[in-house]
Amino acid sequence: MKSAKGTVYFSKRNAAMAVCLVTAMAALSACGSNEASNDGNNAAASNANAGTDAGNNAAANAGTGTEGTTTNAGTDTAVKDPVKATLILNWFAEPEHGGNFAALAKGFYKDAGFDMTLMPGGPSVSATQLVASGKAEFGMANGDDILVARQEGIPVVAIATAFQKSPQALFYHKDSGISDFGDLNDHKVYVAATANFWQYMKKKFSLDKAQEMKYTGQLVNFINDKNAVTQGYVTSETYTLQQEGIDFDVLLNADSGYNIYAGVYFTTEKMIKEHPDQVKAFVEATVKGWDYYKTNSDEINPAIQEKNPEMTLDMMKFSAEKEMDFAFGGDAATMGTGVMTTERWTEVQQQLKDVGVLTKDEDIGKAFTTEFLPKK
């Protein structure tokens, strides 16, 4: 994004794309071989745990004929090598992944037995496809994406959520005459035509007169047109628009009644069946990371910025503060970080059926599970 008047404005996510695309493609390649490491840090930590260097570990293994273990010097205790695992994020690195970066930086994943890689997502990365194909163990997506993937025969299962409700919203100019969703008629609305929330809104609020415009991630058309509306995230576009002095307001998608879980962590049915201990360890470490990030975001944000240098620490601080209620409010306030309920999943499934995105009912208990969440 540029601040000078008359130039093109980009949302945070669009601006990050150019910088991180090479990183994402490199990570995809590493993920495909499942040999990627997080800048060598996890590998170094693994060697430190073994109490010796890689050469000595190899020698110890060769001497004992034991594969997949290392021997601590001066003892007979065998220590299992960390399990290499990859989490595909739902976008380029940002505070919306703060819990994962905290779990990596503070060693929660390492303590859980993982050599964890956080792979950036993006517009050309399908987390559900990569996880389903076995190229990654875990992924992040919106709750409705999980349900759609399952209808398409992709056997993914939600195991926890970062956000109790989505920070996605529609942004409008305060002097545009808009105050509710029903007022969007006769306005240009920059939105992804296939966005599930928009399909729901169009039907519920009879938005047949809204002028649907192609959403590109740029904010310039919205900024220059006082009657325009654009989709965005209150954790990011809010900061950008405030910096530009735009007098705007928002309609939070969740307030329309379309209240999905966002930043949902998922794995496959196969992974749950064959490695439930690893799934449980991942969920518990991730929840621990989010609980740490809640009060220590300023400590963790520089690690996120290393992966996304286009995002300033000021913007990260703003985003982290904005997302706290989304992550720790709602059911999470009383039932614990990452919690999900059958009622919420069932409601979204029915809403997607009502607008024709889903064509059949499925046992919702197969789409998500809370069995791996820490017990309150």
Side-chain angles (χ1 to χ4, degrees), residues 87-91 94-100 121 126-128 131 138-151 154-169 195-201 231 233-236 252-269 272 279 282-284 286-287 289-291 293-294 319 322-355 357-358 362-374 376:
L87 167 64
I88 304 177
L89 305 176
N90 57 348
W91 200 251
E94 56 189 356
E96 282 88 336
H97 312 124
N100 304 109
S126 172
T128 53
V131 172
F138 307 100
M140 292 182 76
N142 283 329
D144 50 1
D145 294 329
I146 300 295
L147 295 175
V148 172
R150 288 190 63 84
Q151 178 175 258
I154 303 174
V156 290
V157 183
I159 50 179
T161 187
F163 298 126
Q164 291 297 307
K165 61 181 178 180
S166 173
Q168 195 169 34
N196 294 326
F197 73 82
W198 181 238
Q199 303 306 314
Y200 171 84
M201 290 177 188
Q231 71 177 59
Y233 285 79
V234 297
T235 50
S236 54
L252 194 66
N253 289 1
D255 291 340
S256 73
Y258 191 69
N259 192 16
I260 62 170
Y261 291 114
V264 174
Y265 299 101
F266 66 89
T267 188
T268 61
E269 294 175 356
I272 290 174
V279 178
F282 167 79
V283 170
E284 290 180 345
T286 298
V287 168
W290 273 109
D291 287 341
Y293 189 73
K294 181 179 182 180
S319 295
K322 277 285 186 181
E323 74 187 22
M324 289 301 158
D325 184 56
F326 294 96
F328 303 105
D331 290 333
T334 56
M335 300 169 65
T337 305
V339 72
M340 303 174 291
T341 69
T342 299
E343 291 75 19
R344 288 276 302 281
W345 279 99
T346 301
E347 180 181 39
V348 172
Q349 182 186 59
Q350 185 59 52
Q351 290 170 337
L352 291 173
K353 278 189 63 186
D354 289 344
V355 297
V357 174
L358 296 181
E362 181 184 358
D363 180 357
I364 206 68
K366 294 181 179 179
F368 88 104
T369 179
T370 59
E371 67 175 298
F372 303 111
L373 287 166
K376 288 284 285 183

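As the structure is a prediction and not an experimental result, all values here were calculated from the model.
For Trp198, the ring-ring contact (aromatic ring centres under 6.0 Å, His included) criterion is met by no residue, not counting sequence neighbours. Shown here are the side-chain hydrogen bond (donor to acceptor under 3.5 Å, both in side chains) partners of Thr286, two or more places apart in sequence or in another chain: Tyr109. Gln231 meets the side-chain contact (heavy atoms from CB on, under 4.5 Å) test with Gln168, Leu170, Val191, Ala192, Phe197, Tyr215; sequence neighbours excluded. Remark: Ala149 engages Thr128, Ile154, Val156 in a side-chain contact (heavy atoms from CB on, under 4.5 Å) (not counting sequence neighbours). With sequence neighbours excluded, the residues satisfying side-chain contact (heavy atoms from CB on, under 4.5 Å) with Asp255 are Phe181, Leu252. Thr337 meets the side-chain hydrogen bond (donor to acceptor under 3.5 Å, both in side chains) test with Asp291; sequence neighbours excluded. In this view, Phe266 satisfies the ring-ring contact (aromatic ring centres under 6.0 Å, His included) rule with no residue, not counting sequence neighbours. By the ring-ring contact (aromatic ring centres under 6.0 Å, His included) test, Tyr261 pairs with Trp345, sequence neighbours left out. By the side-chain hydrogen bond (donor to acceptor under 3.5 Å, both in side chains) test, Glu284 pairs with Lys280, sequence neighbours left out.
With respect to Phe138, the side chain to side chain contact (heavy atoms under 4.5 Å, CB included) criterion is satisfied by exactly one of Ile159, Val131, Ile88: Ile159.
Minimum heavy-atom separation, Ala262 to Ser166: CB-CA, 3.7 Å. Pairing each heavy atom of Val339 with each of Gln164, the nearest pair is O-NE2, 2.9 Å. Nearest heavy atom pair, residue Gln351 against residue Asn259, reads OE1-N, 4.4 Å. Shown here for Ala158 and Ile146, the closest heavy-atom pair between the two residues is N-CG2, 4.4 Å. The heavy-atom pair separating Tyr293 from Pro95 by the smallest distance is OH-CB, 3.4 Å.
A 4.5 Å side-chain heavy-atom check between Leu87 and His97 finds every atom pair outside the cut-off.
Once rounded to the nearest 0.5 Å, the distance linking CH2 of Trp290 with OH of Tyr265 reads 5.5 Å. Once rounded to the nearest 0.5 Å, the distance linking CZ of Phe282 with CZ of Phe372 reads 12.0 Å. We find the CG-NZ distance between Asn253 and Lys165 to be 11.0 Å, quoted to the nearest 0.5 Å. If you take CE on Met340 and CE on Met335, they are separated by 10.5 Å, rounding to the nearest 0.5 Å.
Glu96 and Thr235 share a side-chain donor-acceptor pair at under 3.5 Å.
The side chain to side chain donor-acceptor pair (under 3.5 Å) analysis of residues 139-151, with sequence neighbours excluded, yields the pairs Asp144-Asn196, Asp144-Tyr258, Arg150-Glu269, Arg150-Glu362, Gln151-Thr359. Residue pairs meeting the salt bridge (charged side-chain N to carboxylate O under 4.0 Å, His left out) criterion with at least one member in residues 326-355, sequence neighbours excluded: Lys353-Asp361.
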Requested in this report: Begin with the C-alpha distance, continue with both residues' side-chain angles, and end with the deciding distance and a verdict on side chain to side chain contact (heavy atoms under 4.5 Å, CB included) for Phe368 and Val264.
Outcome: CA-CA 10 Å; Phe368 88 104; Val264 174; over 6 Å; no
